[in-house]
Amino acid sequence: MTPAFGKRVHGEIEGSPGSIREEVLAIVSSIPRGKVVNYGWISRMMNSRISPLAVGWMLHRCPEGVPWHRVVNASGRCSTDRTGDIPQGLQRAMLEGEGVDFRLDGSLDLEVFLWDPDDE
DNA sequence: ACATTGACTTGTT
DNA sequence: CAACAAGCCAATG
């Protein structure tokens, strides 16, 4: 019977093996504590199979356990502050709790905190 | 199935 | 340095 690989995305399963969504979530979950990546970085890591915008969409409705706060924009700023779904400053607070230091202008140093898998 | 939106990025003016 | 435009893909109504 058709396994209906399905998009039961509503809550819990979302388990389509090989799905773009799952790959993105896997990457985000792989970000080590105290490091961050930007949306375009994920897009590149997946060989541009997904656009940075789409990454943001997935993270917007991502399941628990995914460290979405470790994903920032290319400017090293917390894009979550632009939304109303997430309290402003929350992402920054969470990152600071992991040892990520922010500058006075509210941005973080990507040269230092950007995750480089080769450096691990 | 179509139109709109959105936690983006890069390049041009 | 700031504003604008285009490319981009998935989710939502």
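Note on naming: letters A, B, ... go to the chains in the order of the sequence lines (proteins, then strands), and numbering restarts at 1 for each one.
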J.: Among all residues two or more places apart in sequence or in another chain, which pass the side-chain contact (heavy atoms from CB on, under 4.5 Å) test with A:E111?
T.: A:D109
J.: What I'd like to find out is whether the side chain of A:R44 reaches to under 4.5 Å of the side chain of A:Y39, using heavy atoms alone.
T.: no
J.: Calculate the interatomic distance between A:R49 atom CZ and C:dA10 atom P; express it in whole Å.
T.: 11 Å
J.: Which whole-number value in Å describes the distance from A:I42 CD1 to B:dA7 C1'?
T.: 11 Å
J.: Given side chains that start at C-beta, do those of A:Q88 and A:T80 come closer than 4.5 Å, heavy atoms only?
T.: no
J.: Would you mind reading off the distance between A:L25 atom CG and C:dA10 atom C1', rounded to a whole angstrom?
T.: 12 Å
J.: Restricting both atoms to N or O, compile the protein contacts to nucleotides 9-13 of chain B shorter than 3.5 Å, with distance only.
T.:
| unit_1 | atom_1 | unit_2 | atom_2 | d |
| --- | --- | --- | --- | --- |
| B:dT9 | OP1 | A:A74 | N | 2.8 |
| B:dT9 | OP2 | A:A74 | N | 2.7 |

J.: Could you check whether any side-chain heavy atom of A:D101 comes within less than 4.5 Å of a side-chain heavy atom of A:L108, counting everything from C-beta outward?
T.: no
J.: C:dG13 and B:dA1: how far apart are their C1' atoms, nearest whole angstrom?
T.: 12 Å
J.: Distance between the P atoms of B:dA7 and C:dG7, in whole angstroms?
T.: 22 Å
J.: How long is the gap from CG on A:L95 to CZ on A:F102, to the nearest 0.5 Å?
T.: 4.5 Å
J.: Output a table of donor-acceptor pairs, distance under 3.5 Å, between side-chain atoms of residues 50-63 of chain A and any protein atom two or more places apart or on a different chain; print 'none' if there are none.
T.:
| unit_1 | atom_1 | unit_2 | atom_2 | d |
| --- | --- | --- | --- | --- |
| A:S51 | OG | A:A54 | N | 3.2 |
| A:H60 | NE2 | A:D85 | OD2 | 2.5 |

J.: Please confirm whether the backbone N or O of A:S43 pairs with a side-chain atom of A:R49, one donor and one acceptor, at under 3.5 Å?
T.: no
J.: Expressed as a whole number of angstroms, how long is the span from A:D105:CG to C:dC1:P?
T.: 11 Å
J.: Can you tell me how far P of C:dT12 sits from CE of A:M58, to the nearest Å?
T.: 11 Å
J.: Considering just the side-chain nitrogens and oxygens of A:R82, establish if one lies under 4.0 Å of OP1 or OP2 belonging to B:dC8.
T.: yes
J.: Hey, could you give me each pair passing salt bridge (Lys or Arg N to Asp or Glu O under 4.0 Å) that has a residue in residues 63-74 of chain A? Not counting sequence neighbours.
T.: A:R70-A:E98
J.: Take the protein atom CG of A:D85 and the nucleotide atom C1' of C:dT12, then report the distance between them rounded to whole Å.
T.: 13 Å
J.: Would you say A:V37 and A:V28 make side-chain contact, with heavy atoms under 4.5 Å?
T.: no
J.: Looking at residues 27-35 of chain A, who's got a heavy atom less than 4.0 Å off DNA chain B?
T.: none
J.: Between the protein and nucleotides 3-6 of chain B, are there any N/O to N/O pairs under 3.5 Å, and if so, what are the atom names and distances?
T.:
| unit_1 | atom_1 | unit_2 | atom_2 | d |
| --- | --- | --- | --- | --- |
| B:dG6 | N2 | A:W57 | NE1 | 2.7 |
| B:dG6 | N3 | A:W57 | NE1 | 2.0 |

J.: Starting from C1' on B:dC8, measure out to CG on A:D81 and report it in whole angstrom.
T.: 15 Å
J.: Would you give the length of the straight line joining atom CE of A:M46 to atom CH2 of A:W41, rounded to the nearest 0.5 angstrom?
T.: 11.5 Å
J.: Looking at C:dA10, I'd like to know if its phosphate oxygens (OP1 or OP2) sit under 4.0 Å from a side-chain N or O belonging to A:R61.
T.: no
J.: Please answer whether the main-chain N or O of A:V112 pairs with a side-chain N or O of A:K35 as donor and acceptor at a distance below 3.5 Å.
T.: yes
